[in-house]
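In what follows, chains carry the letters A, B, and so on, assigned in the order in which the sequence lines appear, proteins first and then strands, with residues in each chain numbered from 1.
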Amino acid sequence: MLNSSCRVSLFCWTVAMFMVCLLTTSIGSAQQRRPDTTLANVGDIPFDKTLDDSTFHVCNPGKIFQYYNEKGYYLRHKPLITKFVLDKYKFDPSFENQNGYVTIRFVINCEGHTGRFRIKCIDEQMNPCSFPDSITSQLLTALKQYKDWQPMQLEQENRDSYQYITFHIRKGKIITISP
Amino acid sequence: MKRILIICLVLGTAFSSFAQLSEADSLRVEAIYKRSMHEYQGSKMNMLYLDSCVQLNPNMAKAWRDLGTPYLKRGDFATWAWYINKAVALNPETFLISRGWCRYKFMRDYEGALADLKEVIRITGNGSQHTGDGAYNLYVVLALCERGLGHPEAALEYLNYGIDSVQKWEPNRPPDVYSYVHRAALKIQLKDYKGAMKDLITQEQKYPDLAETSYYKGIILLAQKKAVAAVEQFNIADKRLRAGYRLNDVYCEIPDSIYPEDITMALLAATPH
């Protein structure tokens, strides 16, 4: 049988370990990322009246395809699009310390019009970051000005589709454009 | 004593969250994972099934990878990175390949891809493993990254590993579909026209009818001042391109791809004025 001081020590030790377990579990939960169940699909862009042109419409809100569901306009005409954007992008010395990736995702509707533009930026370690408006607005404006998009064709019908374009920026200059 | 036993019981319950999954639970989680594959990738149900897997088994690396994949394909690289980093931490030998190759392919993050793929080769000693889509072995991806960074000699060395060495080690393994085109394009850059033509002839034998094969043959012939033969190749390239026989990937542009305007410019250069 344990004496009373041993019993107290053992009691304190077990309570301490139990608290450690609870703390570890709660920290683990805090680092969780759960799927956004408000969206039907990852990457969906619902209409936002504060951001979007209300005259832009999608033809079938229930089904907007991804650019890779069919060899879309972008991959068939990438050099034309990238030349258009690069010609419009104006480097400024104040951009010198800007490094990372600017991704612009948008919808091309069944008529070949574009809308619902959204921007995400990451640094070169793939963490979310922000770029100055002086860079992102140039890229966004250039993409909005490009008017030769064609709608995705699937089963002989024109469809709405999502497209994204990513600009890898190094010292303020665009070094690659993907996909 | 009774109090100590109760505390130990509570503690044991708390610790049970860290215990290995039972075989029954493992099978259950595996069944949920298989069920996720019946749902459209990136749909709410697909994501909920996969999320259930990692809630029940946080060590299920492939589920973490699959949670990230739709974000990758739709341009949300930060969220993709969060998930794929989980998979890499659990199983670096397998998922460093995914991360490295996808950093190259989707982001053109050449430095990041090089770091990941070199690490996987260091751990496993095997660079002849394929990327997830089967298009390339890892040496070829390293080559494409080095070329992207402006290191053509390093790129050529990796391409030689990826093509010739891998063929020597595994003679029954078919070569990667586009590797000879990439090496030919690189050799043209290095003005090794004889070596480039040899690679294009091999490409034509193994995987015929690509527009790029004819186009780069035309470029070599033009450099060798054989304009008539060059025009012939450019016209073949044009026909093949219109028919859709070209370097092809549904997600991303493949390096060395050609477009109608490339053929137009090449024909202009080849035709005397």
Nearest non-hydrogen partners of [X] and [Y], listed with the distance:
X	Y	answer
Arg108(B)	Ser178(A)	CG-CB, 4.4 Å
Ile122(A)	Ala78(B)	CG2-CB, 3.5 Å
Thr103(A)	Phe77(B)	OG1-CE1, 3.7 Å
Thr37(A)	Lys44(B)	O-NZ, 3.2 Å

Is [X] in contact with chain B via its backbone, its side chain, both, or neither, using a 4.5 Å heavy-atom distance?
X	answer
Asn69(A)	side chain
Leu39(A)	backbone
Tyr101(A)	side chain
Arg170(A)	side chain

Checklist entry - Counting only N and O atoms by type, is there a donor-acceptor contact under 3.5 Å from the side chain of Tyr71(B) to the main-chain atoms of Gly43(A)? => result no
Within 6.0 Å of [atom1] in [X], more than 12 heavy atoms from elsewhere:
X	atom1	answer
Lys120(A)	NZ	no
Met265(B)	CE	no
Tyr207(B)	OH	yes
Arg76(A)	CZ	yes

Distance, nearest 0.5 Å, that separates [atom1] of [X] from [atom2] of [Y]:
X	Y	atom1	atom2	result
Arg33(A)	Asp51(B)	CZ	CG	12.0 Å
Lys78(A)	Cys252(B)	NZ	SG	8.0 Å
Trp82(B)	Asn127(A)	CH2	CG	13.0 Å

Item to check | Proximal component of Ser257(B), with respect to chain A [non-hydrogen, under 4.5 Å] | outcome: neither
Checklist entry - In terms of heavy-atom proximity below 4.5 Å to chain A, should Asp262(B) be classed as side chain, backbone, both, or neither? => result neither
Item to check | Cation-pi, Tyr40(B) ring and Lys63(A) (6.0 angstrom, 45 degrees) | outcome: yes
Next on the checklist: Run the side chain to side chain contact (heavy atoms under 4.5 Å, CB included) test on Met107(B) and Met126(A) for me, step by step, so that the C-alpha distance in whole Å, both residues' side-chain angles and the decisive distance to 0.1 Å come before the verdict.
Outcome noted: CA-CA 10 Å; Met107(B) 299 172 65; Met126(A) 299 195 284; 3.8 Å; yes
Item to check | Distance-only polar pair, side chains of Tyr68(A) and Arg74(B), donor-acceptor under 3.5 Å | outcome: yes
Next on the checklist: What I'd like to find out is whether the side chain of Glu261(B) reaches to under 4.5 Å of the side chain of Leu80(A), using heavy atoms alone.
Outcome noted: yes
Item to check | Choice from Arg246(B), Glu111(B), Lys105(B) maximising heavy atom contacts with chain A below 4.5 Å | outcome: Glu111(B)
Item to check | Options Asp76(B), Leu50(B), Asn85(B), ranked by heavy-atom pairs under 4.5 Å with chain A, top entry | outcome: Asp76(B)
